[in-house]
Amino acid sequence: AVTLPLAAHQSRLLAKLENLQPEIKKLAERLRYEVSVRGKQLGWSEKVARFHFKKNLRRIIAELYIRDNCHPFKATLLMWVQIPMWVCVSLALRNCSVGAMDSEVQEQFSTGGTLWFTDLTAPDSTWILPVSLGLMNLMIVEV
């Protein structure tokens with residue numbers, strides 16, 4: 001429910017970034033020509049011309065990112081949400097299974113399952129849960 005919309009958003013951003021590459025390449029070629037002409041007029045050294053080219057190219061690329069609302073850092077949003085979620089869920093599951101010294105909690109886990117997994121403290125011998133979890137993650141990545 002949380003990661004699927006973020007994965008779709010990330011895919012849209014990456015597609016926008018991919019579509020910007022030809023435009024960036026054309027603008028970089030044009031800028032390189034303009035900087036070389038201007039550098040010859042003002043007598044710039046190669047180092048100064050390279051500095052002006054890089055500075056102006058960064059500015060142009062930033063303007064394109066703003067225009068299309070697709071800054072590359074936004075594409076990392078999914079990772080910044082998934083990592084804390086994974087850590088919290090892992091710690092919660094560990095605390096529930098290993099850290100549960102109370103006999104009441106252990107009893108609830110050993111009798112709290114449904115369908116084919118009646119004992120939540122025993123490994124899933126049918127592999128239905130791990131395979132279904134893997135397929136759901138694959139579906140999220142593919143969508």
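The residues of the chain are indexed from 1 along the displayed sequence.
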Is the shortest side-chain heavy-atom distance between K55 and V35 below 4.5 Å?
no
Roughly how far, to the nearest 0.5 Å, is the CG atom of L77 from the CG atom of L13?
9.0 Å
CG on L64 to CD1 on I24, rounded to 0.5 Å:
5.5 Å
Can you see which heavy atom on L17 is nearest to which on C70, and at what distance?
CD2-O, 3.1 Å
Distance col, row F53:CZ vs E46:CD, nearest 0.5 angstrom, shows 11.0 Å
Considering non-hydrogen atoms only, spot the tightest contact between A75 and L14 and give its length.
CB-CD2, 3.9 Å
The test is side-chain contact (heavy atoms from CB on, under 4.5 Å); show your working for D68 and N19 and say whether it passes.
CA-CA 10 Å; D68 289 355; N19 291 336; over 6 Å; no
Should V81 and V87 be regarded as members of a common hydrophobic cluster, given that ILVMFWY residues are connected when their side-chain heavy atoms come within less than 4.5 Å of each other, either directly or indirectly?
no
So among R38, R32, R30, which one has a side chain to side chain donor-acceptor pair (under 3.5 Å) with E34?
R30
Side-chain touch L42/V48, heavy atoms, less than 4.5 angstrom
no
Are W44 and L57 connected into the same hydrophobic cluster when the rule is that any two of I, L, V, M, F, W, Y join if their side-chain heavy atoms are below 4.5 Å apart?
yes
R59 bridged to E63 by N-O distance under 4.0 Å
yes
So, taking the atom named CG in N56 and the one named CD1 in I61, what distance separates them when rounded to the nearest 0.5 Å?
11.0 Å
Above 12 or not: heavy atoms from other molecules or residues under 6.0 Å from CD of Q41?
yes
Would you say Q21 and K25 make side-chain contact, with heavy atoms under 4.5 Å?
no
Judged by modelled atom types alone, do K74 and N69 share a side-chain donor-acceptor pair under 3.5 Å?
yes
Check the pair Y65, F73 against side-chain contact (heavy atoms from CB on, under 4.5 Å), reporting the backbone distance first and the verdict last.
CA-CA 11 Å; Y65 289 159; F73 187 74; over 6 Å; no
Taking ring-ring contact (aromatic ring centres under 6.0 Å, His included) as the cut-off, I'd like each qualifying pair that reaches into residues 122-143, sequence neighbours left out, listed once.
none
dist S36:OG -> H52:NE2 (nearest 0.5 Å) comes out at 13.5 Å
Using 0.5 Å steps for rounding, measure from the CG atom of L6 to the OG atom of S11.
11.0 Å
Would you say M139 and L135 make side-chain contact, with heavy atoms under 4.5 Å?
no
